[in-house]
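Here is the structure we will look at.
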Amino acid sequence: MPKQPTKKVLQELHLTMVRIRCFEDTAGRLMEEAKIPGALHLYVGEEAIASGVMQNLSNEDQITSTHRGHGHLVAKGGDFSKMYAELYGRSTGYCRGKGGSMHVSNMELGMLGANGIVGGGPPIAMGAAFANKFLKTKKVAVAFFGDGASNEGSFHEAVNMAALYKLPCIFVCENNGYGEYTPQAKHQTIVDVADRAGGYGIPGVVVDGMDVIAVYEAAREAIDRARKGAGPTLLECKTYRFYDHVGVRGMGMTYRTDEELEKWKKRDPIQSFEAELIKLGVMTQKQIDKVYSKVNDLVEGGVQFAEDSPFPEPSELLEDVYCVKGA
Amino acid sequence: MPKQPTKKVLQELHLTMVRIRCFEDTAGRLMEEAKIPGALHLYVGEEAIASGVMQNLSNEDQITSTHRGHGHLVAKGGDFSKMYAELYGRSTGYCRGKGGSMHVSNMELGMLGANGIVGGGPPIAMGAAFANKFLKTKKVAVAFFGDGASNEGSFHEAVNMAALYKLPCIFVCENNGYGEYTPQAKHQTIVDVADRAGGYGIPGVVVDGMDVIAVYEAAREAIDRARKGAGPTLLECKTYRFYDHVGVRGMGMTYRTDEELEKWKKRDPIQSFEAELIKLGVMTQKQIDKVYSKVNDLVEGGVQFAEDSPFPEPSELLEDVYCVKGA
Amino acid sequence: MSEAQKENVEGRVLTYVDAITEGVREVLLEQSNSFVAGEDVGLAGGPFGQYSGLFAEFGEDRIIDTPISEKGIVGLGVGSSAAGCRPIIDVMFVDFMGECMDEIVNQMAKMRYMFGGGVTLPVTVLSMTGAGMSMAAQHSQSLEVWLAHLPGVKVVMPSTPYDAKGSIITAARDDNPVFVLLNKVSLGLKGEVPEGTYEVEIGTAEVVRQGTSFTIVAVSRMVHEALQAAEILSELGVDVEVIDVRSIQPFDTDTVVNSIKKTHHGLVVHEAVEFGGIGGEIVAQIQDQAFDYLDAPVGRIGAPFSPVPFSPVLEKIYVPDADLIVAKVKETLGLS
Amino acid sequence: MSEAQKENVEGRVLTYVDAITEGVREVLLEQSNSFVAGEDVGLAGGPFGQYSGLFAEFGEDRIIDTPISEKGIVGLGVGSSAAGCRPIIDVMFVDFMGECMDEIVNQMAKMRYMFGGGVTLPVTVLSMTGAGMSMAAQHSQSLEVWLAHLPGVKVVMPSTPYDAKGSIITAARDDNPVFVLLNKVSLGLKGEVPEGTYEVEIGTAEVVRQGTSFTIVAVSRMVHEALQAAEILSELGVDVEVIDVRSIQPFDTDTVVNSIKKTHHGLVVHEAVEFGGIGGEIVAQIQDQAFDYLDAPVGRIGAPFSPVPFSPVLEKIYVPDADLIVAKVKETLGLS
Ligand SMILES: Cc1ncc(C[n+]2csc(CCOP(=O)(O)OP(=O)(O)O)c2C)c(N)n1
Ligand SMILES: Cc1ncc(C[n+]2csc(CCOP(=O)(O)OP(=O)(O)O)c2C)c(N)n1
Ligand SMILES: [Mg+2]
Ligand SMILES: [Mg+2]
C-alpha cells in the first residue's frame with residue numbers, strides 16, 4: 001500500500017481543485033454574459049484529474065492540453081490575471097490575446113497549450129518527451145485528452161511511438177463519457193479506453209477520476225515509472241462534466257438525462273474530498289471556507305485585471321508569426 | 001474441428017498461389033530489365049494470404065490492397081494481360097496505363113485498388129463495408145495491410161469505426177516482419193499486431209501466413225462472422241517476403257540476414273503445400289507441373305499482350321479526372 | 001440567383017443554416033442510397049444546427065454520428081461511394097481537413113484517374129469556413145485553395161441561402177466528389193429560398209450586381225461585403241459590378257473576364273490568406289485573357305499573412321470588409 | 001549561387017543527393033541538439049540514399065527510424081523543437097503530407113502565434129517532390145503552394161546541389177519551421193558544392209542567367225528546363241533572364257519585379273498543377289507591381305489539370321519541359 005499523502009499535499013490538492021472550480025464558474029458566467037468572446041469548454045466536474053496529476057509535476061515538466069484546457073493551466077500554476085486577460089482577448093493575456101480559451105498556454109509553466117484540435121496534443125507531448133529523453137533531462141511530458149480524442153489517428157501514432165522509444169510520456173485520458181454530444185458507447189465499443197494500452201505494450205490503468213487521491217496516486221506511479229525510463233502509461237480517469245460541452249448551459253441539447261447528471265454531481269470531486277478532509281481532521285470547514293474566499297478574491301482580481309487591460313494594438317496583428325532573429 | 005477443404009478447394013488454392021508466384025517472378029524480372037517502368041513491390045513468399053482469403057470471396061465482395069498489390073488482384077481473378085499491360089503503362093491495362101503497379105485495380109472484380117499510401121486501404125474498405133451494410137447486400141469488404149501500416153492513424157480510425165458499426169469488414173494484416181527496411185521490433189513494441197484488436201472490442205486472430213489452409217480456414221471464419229452481421233475481425237498472418245522491399249534484389253541493403261531469409265524460404269508456402277497435396281493424394285507431381293506450365297503460358301501471353309499494346313494517346317491525359325455526365 | 005429564378009421564389013425566406021438543412025433533406029428524400037455521416041450530425045443536429053430535425057425524420061441509419069475520426073469519416077465517404085452509396089460527409093470545420101487530407105488528396109481526388117475511369121465517387125463533403133466569431137486560429141480558416149488546386153474534386157462556396165440549398169442538391173446529384181464549403185458567419189443570413197429541389201450549376205459565377213466601371217470578384221461571404229462596398233462607391237460615382245464566383249473549381253473564367261473587358265478594372269476579394277490564395281489564380285487568368293482591356297493592375301484583397309487571431313479587435317482588422325474594399329477601389333482609381 | 005560564392009568553390013563537384021547528405025551532416029556536427037527522424041532514414045540511409053552514412057557516423061540516438069506514422073513524426077518535430085531540440089524531420093514524399101497536414105497547418109505553423117510568441121519551433125522538414133520517375137499519382141506531386149499559403153512556416157525549393165546543402169544548413173539554423181522541398185528527379189544532378197558550412201539565404205531569389213528581353217521565373221527543377229529553353233531561345237535572338245525563386249515563402253518579389261521592369265515580359269514555370277499553384281501568386285504580384293512595364297500578359301506554365309499519370313508517355317507530356325517553355329515564349333513574343 002502506498003503511503004498516505006501528507007497533509008500539505010492534501011491541502012494543495014484541495015486548493016488546486018477549488019482554484020479550478022472558482023476560475024471556471026466565473027469564466028462560464030462571463031461567457032454567458034457575452035463578456036468573454038468565443039466559446040469556452042469548462043472543466044467543472046473534472047477538477048480531480050488535473051489537480052491529482054499536476055501535483056506530481058514541476059514547472060519543468062510539460063503537458064499538452066485540450067480544448068477544455070483552463071483547468072490544466074490553473075493546476076500547472078497559471079496566473080488568474082493572465083488567464084482571464086487571455087480569455088478576454090487582451091494584450092496582457094498569456095498569449096497577448098491571440099490564443100484565447102482554446103490556445104491558452106505558458107511555456108514557463110511547461111504548459112504547451114490548450115488545443116482546438118481534438119487529438120492535437122498527444123503527438124506534441126510525445127515529441128516533448130522525446131526531447132526530454134534526448135537531452136537527458138529528467139522531465140516528463142503528460143498528454144491530456146478525452147475519450148472522444150482516443151479515436152483520432154494522432155492518438156494511436158503518438159502512443160505507439162512513445163511506447164517504442166520508451167519515452168517519459170504519460171497519456172491521461174479524461175473519460176467524461178461524451179465527445180461533444182455523443183456518448184462513449186456511440187463512438188467506440190470498448191468501455192475502458194485503457195484497454196487500448198495493450199496494443200502498444202504499455203500499462204493501461206483505470207482510476208476514479210472523481211477521487212483526487214486516487215488520481216494523484218495513480219499518476220505518481222505512472223510518472224515515477226516514466227522518469228525512471230520505463231516508458232509510458234495510459235492512465236484513464238473516469239469523470240463527468242457538470243456543465244455542457246460549451247459554456248455552462250450550452251445549446252440546450254438533450255443528450256444526457258438529468259438523472260445521470262445528478263448521479264454524478266453527488267460524486268462532486270471537491271465536495272466529497274472536503275468531507276474526507278474534515279473527517280480526517282486535515283482541514284476544518286472554516287479553513288475550507290477561507291480557501292474559497294481567498295481564491296474568489298483572486299478570481300475577482302483576475303477579472304478586474306482583464307477588464308482593465310488594453311486590447312492588442314493593430315500593429316500586433318502581424319507579430320509572432322515568425323521568430324525574428326535578434327528581435 | 002472444421003471440415004477439411006474439398007479437393008477442388010485445395011487445387012484452387014494451389015492454382016492461385018502458383019498464379020501469383022509466376023506472375024510476380026516475371027514482373028520482377030521485367031522490372032529489373034527496365035522493361036517495366038517505376039517501382040514494383042512483389043508479393044513472392046506471401047502468396048498463401050491472398051490465396052487463402054480470396055478463396056472465401058466472390059467477385060461481389062470488395063478488397064482494398066496495398067503497394068504490394070499484384071497478388072491480391074491475381075487472387076481476385078485478375079487477368080494477366082490487363083495486369084501486365086497496366087504495369088507496362090499501356091492503354092489496354094486495367095487502368096488504361098494511368099495507375100501502374102501501385103494503383104492496379106478492377107471494380108468488376110471488387111478490387112478497390114492497390115494503394116501507394118501505406119494505410120490508405122483500411123478507411124476505404126471500412127467505407128465499402130458500410131455501403132454493404134447500408135444497402136443490405138451480403139457483401140463483405142477485406143482490407144489488406146502490412147505490419148508497418150498498423151502504425152498509421154488511418155488503420156486505428158478505420159478499425160474503430162468498423163467495430164462500432166459492426167460492419168462486414170475484415171482487416172487482414174500481412175505481417176512480414178518489416179516495413180520497408182525497418183524490422184517490426186523497431187516500429188512497434190508488440191509482437192502480434194492482432195493484440196490491437198482488444199482496443200476495439202473485436203476478435204484478433206493470429207495465423208501462420210505460410211500455411212494456405214490455415215489462412216483459408218481463419219479467413220472463412222472471420223468472413224462468415226462478418227456476413228452474419230457479427231462485425232469485423234483483425235486477422236494477422238505471419239509471413240515473409242522473399243524478395244526485397246522493391247523489386248527482386250532491391251537496393252542491396254543489408255537489413256535482413258541471409259540466414260533469416262533461408263529459414264523462411266524453407267517454409268515456402270507453395271512448396272510445402274505441394275508436398276502436402278502429394279502426400280494427401282490430391283495432386284501428383286505431374287499435375288503440379290502442368291499447373292505451372294499452363295500458368296507460365298498465361299504469363300507469356302500476358303507479357304506479349306502488354307508489349308504489343310499501344311501506349312495511351314496524349315488526348316487520354318485529361319480523361320478520367322472527372323466523371324462527365326452522359327459520357 | 002438569376003432574375004428568372006427570383007421570380008419563382010414568391011418571397012419564401014429562410015436563413016442560410018435552414019437552407020443547408022433543407023438542401024440536405026431534399027437529397028435524402030430524393031436518393032435512397034444517400035446518408036449523412038459526421039461528428040454530432042445526428043441527435044445533436046450538427047454543431048451549428050445545420051442538420052437539425054433530420055435525425056428525427058430519417059433515423060440513425062441515415063444520419064450517422066461518427067467517432068472523432070476525420071480520416072475514417074472521409075474514408076467512409078470514399079469507400080461507400082465507390083460501393084454504391086451517395087454519401088454526404090460532414091467535416092465539421094475546414095480547419096480539420098488537415099486530419100483527413102490524405103483521404104482527400106490521395107484517395108478521393110485521384111481514385112477515378114488512377115483507376116483509368118474504373119470507379120465513380122459520388123460523394124459530397126460539407127464543411128464550415130471563415131473567421132469572425134472569435135474562434136481563433138484553428139477554427140476560422142479558409143483553406144479552399146488547397147482543394148481547388150486538386151484535380152478530381154469540385155469546390156463550391158455558396159454565399160446565399162438560395163445557393164447553399166441549391167449547391168448541396170447539385171453537388172449530391174453530381175457523380176464526382178464535390179466540396180460545398182459553407183460560411184459559418186453567414187448562418188443567420190436570410191434570403192429567398194424556393195421549396196422543393198432546384199440546382200445551382202457548378203462552375204458558373206453569377207453577376208450579382210451590374211455595373212460599368214469596376215468589377216469586384218468576390219468569394220463566399222465577401223460577396224456581401226463587396227455589395228456593401230458597391231453601394232458606398234456608387235455614391236462616389238463608381239458603378240461597380242459584383243461577381244459571386246460561387247464555384248472555385250471549376251472556375252468560370254468567362255463571366256469574370258467578360259466583366260473586366262467591360263469595366264477595365266478589377267479587384268478580387270476573399271477571406272483566405274492573400275498569399276497563395278485563389279485570388280492569385282483569378283488575377284493571373286484575368287491578366288492573361290483581358291490584358292489589353294485593363295486600365296490598372298487587378299487588385300487583390302485577402303487576409304494578411306498571419307493565423308487568425310483570437311482577440312476580437314485583431315480579428316476585426318484581419319477579416320476583409322466593405323471599408324477595405326472601398327479603400328482599395330478608390331486607391332486603384334486614384335480617388336481620394 | 002552568386003559569382004563571389006562560385007569563386008570559393010574550387011571545382012568541388014557533388015551530386016544533389018550527396019549535397020543533401022552533406023548539409024544534414026554539417027547540421028548534426030554543428031548542433032548537438034539536432035537529430036534526424038523519419039521512416040527508414042537510419043540503417044537504410046533514406047529511400048533515396050540521402051542520409052547514407054549518417055547512421056554509422058552519428059548512431060541511432062541521432063538518426064532515428066520511426067514507425068510509418070507521419071502524424072507522429074511531425075508531432076515529434078513540433079513537440080521536441082518546443083522542448084529544446086532542433087529536429088530535422090523527414091517526410092518521405094511530399095504526397096504523404098496529407099497524413100500529417102494537421103500537425104503542419106494547425107500545430108507547427110500556428111503554435112507560436114497562438115501562444116503570443118511564447119514558443120519557438122526550430123524544426124526543419126525535408127521532403128521529396130516532383131514527377132518524372134513513373135511513380136504515379138501518389139508519389140509525384142508538387143504541393144508546395146499548400147505550405148506557402150500557410151503563415152508560420154517557410155518554404156524553400158533548392159534546384160542545385162549548392163542550394164540543397166546550403167538551404168538545409170540555413171533552414172536548420174533558422175528558429176522557425178522551414179520546409180526544404182527537394183526534387184527527386186534532380187538527385188543525380190551534379191554541381192559545385194563547397195566543403196564546410198555556408199548559407200543560402202531564405203527569401204531571396206537568384207538570377208541564374210542574365211538577359212534583357214524576357215524573364216522566366218522558375219521553381220525547383222524547372223530552373224534547368226528554363227535554362228535549356230533560354231539557350232534555344234538565344235539562337236532565335238531572344239535574350240532570356242532566368243530567375244530561380246529558391247524560396248516561395250517568403251517570396252522575393254523585388255528580384256522578380258526588377259527583372260520584369262527590365263525585360264517587359266514574363267513567364268512563370270513550375271511543376272505543380274497550374275491551377276491554384278504558386279504561379280498565380282507570382283503573376284498577380286508582377287502585374288500589381290510592374291503593370292506599366294508589361295508588354296504582354298505574364299504567362300504561366302504548370303502541370304495540366306489531372307493527377308500525375310503513371311504511363312511514361314503520358315507523364316512526359318504532363319511535366320513541363322524546355323520545349324514547352326520555348327513554345328510559350330515564342331507565342332508570347334509572336335515568333336513563329
Ligand atoms: C480534429 C477535431 N475534430 C473535431 C473537433 C470538434 N470538437 C471539439 S471538442 C469535441 C469533443 C471532444 O471530445 P473528448 O475528446 O471526449 O473531450 P471532452 O470535450 O469530452 O473533454 C469535438 C468533436 C475538433 N475540435 N477537432
Ligand atoms: C503514408 C505513407 N508513408 C510511407 C510510405 C513509404 N512506404 C511504402 S511501402 C512502406 C513500408 C510498408 O510496410 P508494411 O505496411 O509492413 O508493408 P510491406 O511493404 O511490408 O508489405 C513504406 C514506408 C508510403 N507509401 N505511404
Ligand atoms: Mg469526452
Ligand atoms: Mg511489412
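Residue numbers start from 1 in every chain, and the chains themselves are labelled A, B, ... in the order their sequence lines are given, proteins ahead of strands. All values reported here derive from a predicted model rather than from experimental measurement.
- The shortest side-chain heavy-atom distance between C:Glu281 and D:Phe275 falls under the 4.5 Å cut-off.
- For D:Val273, the parts sitting under 4.5 Å from any heavy atom of chain C are the backbone and the side chain alike.
- For the options D:Gln138, D:Gln285, D:Glu103, heavy-atom pairs under 4.5 Å to chain C are most numerous at D:Gln138.
- When all heavy atoms of C:Gly98 and D:Val105 are compared, the closest pair comes out as CA-CG1, 4.4 Å.
- Two residues are said to be in side-chain contact when any heavy atoms from C-beta on lie closer than 4.5 Å; C:His149 and D:Phe305 fail this criterion.
- Using a 4.5 Å cut-off between heavy atoms, C:Ser311 makes no contact with chain D at all.
- Your options are C:Pro309, C:Gly152, C:Gly299, and the one with the most heavy-atom pairs under 4.5 Å with chain D is C:Pro309.
- Heavy atoms closer than 4.5 Å to chain D are found nowhere in C:Ala136, neither backbone nor side chain.
- Proximity to chain D is limited to the side chain of C:Gln141, based on heavy atoms less than 4.5 angstrom apart.
- For chain D, the nearby part of C:Tyr113 is the side chain; its heavy atoms alone come within less than 4.5 Å.
- Interface remark: C:Gln289 contributes no atoms to any contact with chain D (heavy atom separation under 4.5 Å).
- Note on C:Ile248, C:Ile278, C:Asp288: by heavy-atom pairs under 4.5 Å with chain D, the leading option is C:Asp288.
- The two residues C:Pro307 and D:Ala109 make their nearest non-hydrogen contact at CG-O, 4.4 Å.
- Between C:Leu294 atom CG and D:Leu294 atom CG the span is 10.5 Å, to the nearest 0.5 Å.
- Contact count against chain D (heavy-atom pairs under 4.5 Å) is highest for C:Pro297 among C:Pro297, C:Gly280, C:Gly276, C:Pro304.
- A donor-acceptor pair is defined here as one N or O able to donate and one able to accept, closer than 3.5 Å; such a pair exists between the side chain of D:Gln287 and the backbone of C:Val298.
- Neither the backbone nor the side chain of C:Val268 comes within less than 4.5 Å of any heavy atom in chain D.
- Note: D:Gln249 leads D:Lys71, D:Met97, D:Gln249, D:Met114 in heavy-atom pairs under 4.5 Å with chain C.
- Side-chain atoms of D:Asn106 come within 3.5 Å of backbone atoms of C:Asp95 as a donor-acceptor pair (strictly under, hydrogens ignored).
- Taking the side chain as every heavy atom from C-beta outward, C:Met101 and D:Trp146 approach each other to under 4.5 Å.
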